[in-house]
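Indexing begins at 1, ligand by ligand and atom by atom, following the structure's order.
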Amino acid sequence: MKYEVTVIGSGPGGYVAAIRCAQLGMKTAIIERYSTLGGTCTNVGCIPSKALLDSTEHYHNAKNNFSTHGINLENLSVDFVKMIERKNEVVKTNAAGLNFLMKKNKIDVFTGTGSFVSPNKIAVKKDDGSIAEIETAKVIIATGSKPSSIPGVEIDKKRIITSTEALSLKEIPKEMIVIGGGVIGCELASLYARIGTKVKIVEYFDSLIATMDKDLGKELQRSLSKLRIEFFLSHKVTGAVADENGVVVSAENMSASAKATADQKEKVDFTADYCLVAVGRKPYTDNLGLENIGITLEKGKIPVNENLETSVSGVYAIGDVIRGAMLAHKAEDEGVMIAEIIAGQKPHINYNLIPNVVYTWPEVASVGATEDELKQKKIAYKKGSFPFRASGRARAAMDIDGFLKVLADEANDEILGVHIIGARAADVIGEAVVAMEFRASAEDIARISHAHPTYTEVFKEACFMATANRAIHL
Ligand code: FAD
Ligand code: NAI
């Protein structure tokens, strides 16, 4: 079997790369070790988490908000088994769509673990132990990532679980401790809190989603408190012990108010029936045979140059397994880019403008520089902020939490960063990305007509604030 390109891994990086290679006329193979295509994103990440977030948000609204709209429901309950089944159906449909796309683009799919024999030969080991060999001119590694843990916390997948298990539980936990107040922690905490789980988030930093603009974390915490989630910020988890019925998580309180002495940190124990470990993900390269072709990892990642090429000529890597944000759309963009590079084109990704979204409700979304980053770089900036409660659309929906903040260059008004927490922030951020890609000024956006009433008007009003220190509706 001879191919021009072989892709290892079928997540959003790998399958998109394969499709684009095929579109550009290359004979393409894709290898996936699981029986379904789609990787983390389709099977245990973006798609199932959003499916369950949608279901639980419906329940939450029906329980807490429908009566305000004059809709009265009686005997409301959660059929958790059915909720999980619907999620599984959504995943199945998405994965089936990928099978169709592989066929449509005449991409050969190999099921098994891909491993380098040489830069031009890949062995595919199937579950039954048999091995097929593929000869290939180029290889794209898209093997993604896996959940990581911390010292003292051993994931048993029963009581101490990762996002993968959390998306397929058999029962609604009564109590859940979430280690890590990052993206997964906040999304899954809100998912379970909406259907009655008592959730405690234990986070090392003094804020949720600490890598995003600081104001977002504060507002998100305020909002998630309404779901009765409890927060233990500035707490470093040091261990977790599980038995059949539950788990005890130990942490050190590092906050200024902690009764700690220099050598005796204040210790806190938390108990629950489940503990979700959400402390980040690590690139996955097990059984890939990188040692056979001389690729050495740097900080666990496959090093690549600006053309996504590894130290071995003709071997490329994309997505979660290399540097940069661990996001599906970043992996997809790199999938397109690498196919076009191999085809001799000169594509480009603007890594500064990859949006970041947290699918809590309200949603959180941002693109570009944070205030802290601008301060560090000593770039003088103007700030325009507009609250959702002043938006007619938000008031009509009674979704009034949050704000949109625009940061624009003091010198020339160019938009440098947009940070949103509010209803449909995930969609509103799209306009900010386009505006920034075309290097719009805040005044440009303030003067462009925005349909009324829409959430996008919040962006326009914040731009008014940034450019002229005034908004129309505030
Ligand atoms: P992956 O999707 O991880 O795919 C890699 C594939 O390679 C896997 O299928 C794996 O089985 C296969 N593989 C590995 N080694 C081999 C081998 N040797 N041979 C054959 N196959 C192999 N991102 C977003 O942008 N938006 C979201 O809403 C979002 N939600 C998420 C929610 C959760 C709970 C999680 C865990 C992640 C979420 N992400 C989200 C992150 C997103 O899933 C990843 O960034 C994305 O899947 C990375 O794509 P990838 O192609 O690099 O790798
Ligand atoms: P994360 O990096 O977002 O958050 C991990 C958190 O754990 C950090 O805040 C960190 O301070 C905390 N932590 C680490 N060690 C700790 C300790 N000992 N005690 C207490 N807290 C500790 O990682 P997360 O949430 O696991 O997500 C992994 C990746 O998945 C992210 O990179 C994200 O990009 C991706 N993802 C994206 C989503 C989206 O785009 N909506 C949704 C889910 C995941």
Side-chain angles (χ1 to χ4, degrees), residues 7-17 30-34 36-50 52-53 110-116 122 124-125 141-153 162-164 166-167 178-188 201-212 217 232-239 249 251-252 254 276-290 317-322 324-332 334-335 354-360 363-365 426:
V7 183
I8 309 180
S10 73
Y15 83 75
V16 167
I30 189 164
I31 308 170
E32 171 55 57
R33 68 195 184 108
Y34 289 122
T36 52
L37 301 178
T40 305
C41 172
T42 305
N43 296 289
V44 291
C46 325
I47 300 301
S49 60
K50 269 80 252 183
L52 286 177
L53 279 162
F110 292 83
T111 305
T113 300
S115 180
F116 282 97
I122 311 291
V124 184
K125 190 173 179 192
I141 304 170
T143 50
S145 63
K146 286 271 154 199
S148 48
S149 191
I150 46 176
V153 178
T162 70
S163 54
T164 302
L167 294 170
V178 177
I179 309 178
V183 195
I184 293 183
C186 289
E187 287 188 3
L188 297 189
I201 296 183
V202 187
E203 164 57 47
Y204 177 85
F205 287 117
D206 62 358
S207 132
L208 298 177
I209 48 170
T211 52
M212 295 178 87
F232 297 87
L233 304 179
S234 302
H235 277 66
K236 180 184 172 186
V237 171
T238 51
V249 174
E252 286 172 357
M254 305 175 303
L276 167 66
V277 183
V279 294
R281 294 178 60 85
K282 55 181 180 207
Y284 184 74
T285 54
D286 291 4
N287 306 315
L288 194 51
L290 289 179
I318 59 173
D320 280 11
V321 81
I322 63 167
M326 287 185 165
L327 294 172
H329 42 287
K330 179 257 191 189
E332 287 188 37
E334 288 178 340
I354 293 176
N356 224 336
V357 176
V358 187
Y359 294 84
T360 47
E363 291 171 338
V364 184

* Structure fact -> For atom 22 (C) of ligand 1, the closest protein heavy atom turns out to be R33 CD, 3.7 Å
* Asked: Can you tell which of N287, L188, T40, L53 gets a heavy atom nearest to atom 2 (O) of ligand 1?
  -> T40
* So, T162 side chain and P147 main chain: donor-acceptor pair closer than 3.5 Å or not? -> no
* To the nearest 0.5 Å, how far apart are OG1 in T113 and CG in L288? -> 9.5 Å
* What atoms of ligand 1 come closer than 4.0 angstrom to any heavy atom of Y359? -> 28 (O)
* Among G324, G38, C41, which one has a heavy atom closest to atom 43 (O) of ligand 1? -> C41
* Check whether any side-chain N or O of T360 sits under 3.5 Å from a backbone N or O of E187 as a donor-acceptor pair, and report yes or no. => no
* Donor-acceptor pair, side chain of S10 and main chain of E32, under 3.5 angstrom -> no
* Structure fact -> Among L167, T143, T285, closest by heavy atom to atom 15 (N) of ligand 1 is T143
* Expected output: side-chain E203 to main-chain G180 donor-acceptor under 3.5 Å -> no
* To do: Would you verify that at least one protein heavy atom lies under 4.0 Å from atom 6 (C) of ligand 2, or report that none does?
  => yes
* Structure fact -> Logged contact type for R281 with ligand 1, heavy-atom cut-off 4.0 Å, is side chain
* To do: Around atom 53 (O) of ligand 1, find the nearest protein heavy atom and jot down its residue, atom name and distance.
  => G144 CA, 3.1 Å
* For ligand 1, which atoms, with element, lie under 4.0 Å from some heavy atom of G39? -> 2 (O), 4 (O), 8 (C), 9 (O)
* Asked: Of the backbone atoms (N, CA, C, O) and the side-chain heavy atoms from C-beta on, which set of V44 has a member under 4.0 Å from an atom of ligand 1: side chain, backbone, both, or neither?
  -> backbone
* Structure fact -> Within the 4.0 Å heavy-atom cut-off, what I8 brings close to ligand 1 is side chain
* Asked: Is E187 touching ligand 1 with its side chain, its backbone, both, or neither, if touching means heavy atoms under 4.0 Å apart?
  -> neither
* Look only at the side chain of D320 and the backbone of A331, and say whether a donor-acceptor pair between them is shorter than 3.5 Å. => no
* **Proximal ligand 1 atoms for Y34, defined as those under 4.0 Å from one of its heavy atoms** => 11 (O)
* Structure fact -> atom 18 (N) of ligand 1: closest protein heavy atom, distance to 0.1 Å, is G114 O, 3.0 Å
* Measure the distance from atom 4 (O) of ligand 2 to every protein heavy atom, then report the residue, atom name and distance (to 0.1 Å) of the closest one. => G182 CA, 3.4 Å
* Asked: So, does T42 use its side chain to make a donor-acceptor pair with the main chain of G39 at under 3.5 Å?
  -> no
* Structure fact -> In ligand 1, the atoms that come under 4.0 Å of a heavy atom of T113 are 18 (N), 19 (N)
* How close does the nearest protein non-hydrogen atom get to atom 35 (C) of ligand 2, and which residue and atom is it? -> M326 O, 3.4 Å
* To the nearest 0.1 Å, how far is atom 37 (C) of ligand 1 from its closest protein heavy atom, and which atom is that? -> G45 CA, 4.0 Å
* Report, as yes or no, whether the 6.0 Å neighbourhood of atom NZ on K125 holds more than 12 heavy atoms from other residues, nucleotides or ligands. => no
* What distance separates I354 CD1 from H329 NE2, expressed to the nearest 0.5 Å? -> 6.5 Å
* Would you say A278 touches ligand 2, if touching means a heavy atom closer than 4.0 Å? -> yes
* Which ligand 1 atoms are under 4.0 Å away from a heavy-atom of S10? -> 6 (C), 7 (O)
* Heavy-atom proximity to atom 26 (N) of ligand 1, best of C46, G9, G13, S145 -> C46
* Residue part near ligand 2, for E187, under 4.0 Å between non-hydrogen atoms -> side chain
* To do: Can you pull out the closest protein heavy atom to atom 42 (C) of ligand 2? Residue, atom name and distance to 0.1 Å, please.
  => V183 CG1, 3.3 Å
* Asked: Quick one: nearest non-hydrogen protein atom to atom 41 (C) of ligand 1, plus distance?
  -> M326 O, 3.6 Å
* **Heavy-atom neighbours of K146 NZ exceed 12 at 6.0 Å** => yes
* Can you tell which part of S49 has a heavy atom less than 4.0 Å from ligand 1: side chain, backbone, both or neither? -> side chain
* To do: Check V202 against ligand 2 and report side chain, backbone, both or neither, counting heavy atoms closer than 4.0 Å.
  => backbone
* To do: Using a strict cut-off of 4.0 Å, indicate which atoms of ligand 1 neighbour a heavy atom of Y284.
  => 14 (C), 15 (N)
* Structure fact -> Ranked by distance from atom 52 (O) of ligand 1, the top protein heavy atom is D320 N, 2.9 Å
* Asked: Heavy atom of G280 under 4.0 Å from ligand 2?
  -> yes
* Structure fact -> Within 4.0 Å of some non-hydrogen atom of K50, the atoms of ligand 1 are 27 (C), 28 (O), 29 (C), 30 (N)
* Backbone N/O of G112 and side chain of R33: donor-acceptor pair under 3.5 Å -> no
* To do: From atom 4 (O) of ligand 1, work out which of G335, G11, A317, G289 has a heavy atom at the shortest distance.
  => G11
* To do: Find all atoms of ligand 1 within a distance of less than 4.0 Å from any non-hydrogen atom belonging to G112, and give their numbers and elements.
  => 19 (N), 20 (C)
* **Residue and atom name of the nearest protein heavy atom (relative to atom 17 (C) of ligand 2), distance in Å to one decimal** => V237 N, 3.7 Å
* Structure fact -> min-distance protein heavy atom vs atom 8 (C) of ligand 2 -> E203 OE1, 3.5 Å
* Structure fact -> The answer for which part of T238 has a heavy atom under 4.0 Å from ligand 2 is neither
* Considering heavy atoms of the protein only, find what lies nearest to atom 10 (C) of ligand 1 and give residue, atom and distance to 0.1 Å. => E32 OE2, 3.5 Å
* Asked: So between A142, A328, A331, whose heavy atom ends up nearest atom 5 (C) of ligand 1?
  -> A142
* Residue portion contacting ligand 2 (non-hydrogen atoms closer than 4.0 Å) for I184 -> both
* **Cation-aromatic face contact K236/Y204, 6.0 Å, 45 degrees** => no
* So how far is it from I31 CD1 to I141 CD1, rounded to the nearest 0.5 Å? -> 10.5 Å
